[in-house]
Amino acid sequence: QVQLVESGGGLVQAGGSLRLSCAASGRTFSFLTMGWFRRAPGKEREFVASINSSGTITSYADSVKGRFTISRDNAKNTMYLQINSLKPEDTAVYYCAARRGGSISSFTKDYDYWGQGTQVTVSS
């Protein structure tokens, strides 16, 4: 089992920045592929970014490329999402997810564990 806890969300003005964290416990974090997803009000959960177990391969949704940066610190069992140049359309609950085996993926079905989410609200 893997337990995931997100933190770092909040209310920010457009153009601002946030850093989300995802703390993992349970299974060996360094073996897990990790991802960030988000769900905006009235919409389906969507892929944001993914990172492989060693942190050497990343992937981003087109809507966040150049503004979001995913990273991880395996020594701290933590994954991060640096969010810059926030837009009102980035308002959503952000979830971290972990995948046993396999490489980066943008599909929710590929992930085995999920956190409870952290709310990000961007005001215009």
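Heavy-atom basis, side chains included; hydrogens, waters and symmetry copies ignored. Sequence positions, counted from 1, serve as the residue numbers for this chain.
A donor-acceptor pair under 3.5 Å links the side-chain atoms of Thr78 to the main chain of Lys76, judged by distance alone. Within the 3.5 Å criterion, the main-chain N or O of Ser123 finds no donor-acceptor partner in the side chain of Gln13. Looking only at distances, a side-chain donor or acceptor of Tyr60 sits under 3.5 Å from a matching main-chain atom of Ile70.
In the model, Arg99 has no side-chain atom that pairs as donor or acceptor with a side-chain atom of Tyr111 under 3.5 Å. Tyr94 and Arg39 form no side-chain donor-acceptor contact under 3.5 Å, judged by distance and modelled atom types alone. Checking Ser17 against Asn84 by side-chain atom types alone, a donor-acceptor pair falls below 3.5 Å.
Pairs of residues two or more places apart, or lying in two chains, never qualify as disulfide (SG to SG under 2.5 Å) while including a residue from residues 28-74.
For the pair Arg45 and Tyr95, the cation sits on the ring face: its NZ or CZ lies under 6.0 Å from the ring centre, inside 45° of the axis.
Atom CH2 of Trp36 and atom SG of Cys22 lie 5.0 Å apart (nearest 0.5 Å). Interatomic distance, Ser53 OG to Arg100 CZ, rounded to the nearest 0.5 Å: 15.0 Å. Here CD1 of Ile51 is found 9.5 Å from OG1 of Thr33. Values are rounded to the nearest 0.5 Å. Taking OG of Ser25 as the reference point, atom CD of Gln3 lies at 4.0 Å (rounded to 0.5 Å). Interatomic distance, CG of Leu20 versus CG of Leu81, reported as 5.0 Å (0.5 Å rounding).
Here Val5 is tied to no hydrophobic group at all, with no ILVMFWY side chain closer than 4.5 Å.
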Just do the salt bridge (Lys or Arg N to Asp or Glu O under 4.0 Å) check on Asp62 and Lys65 with the steps written out, would you?
CA-CA 5 Å; Asp62 288 343; Lys65 280 180 182 176; 3.2 Å; yes

Determine, step by step, whether Gln119 and Thr121 satisfy the side-chain hydrogen bond (donor to acceptor under 3.5 Å, both in side chains) criterion, reporting the C-alpha distance in whole Å, the side-chain angles of both residues, the deciding distance to 0.1 Å, and the verdict.
CA-CA 6 Å; Gln119 176 72 47; Thr121 303; 3.3 Å; yes

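Asn74 approaches Ser30 most closely through the heavy-atom pair ND2-CB, 3.6 Å. When every heavy atom of Asp110 is checked against every heavy atom of Ser105, the shortest pair comes out as OD2-OG, 2.5 Å.
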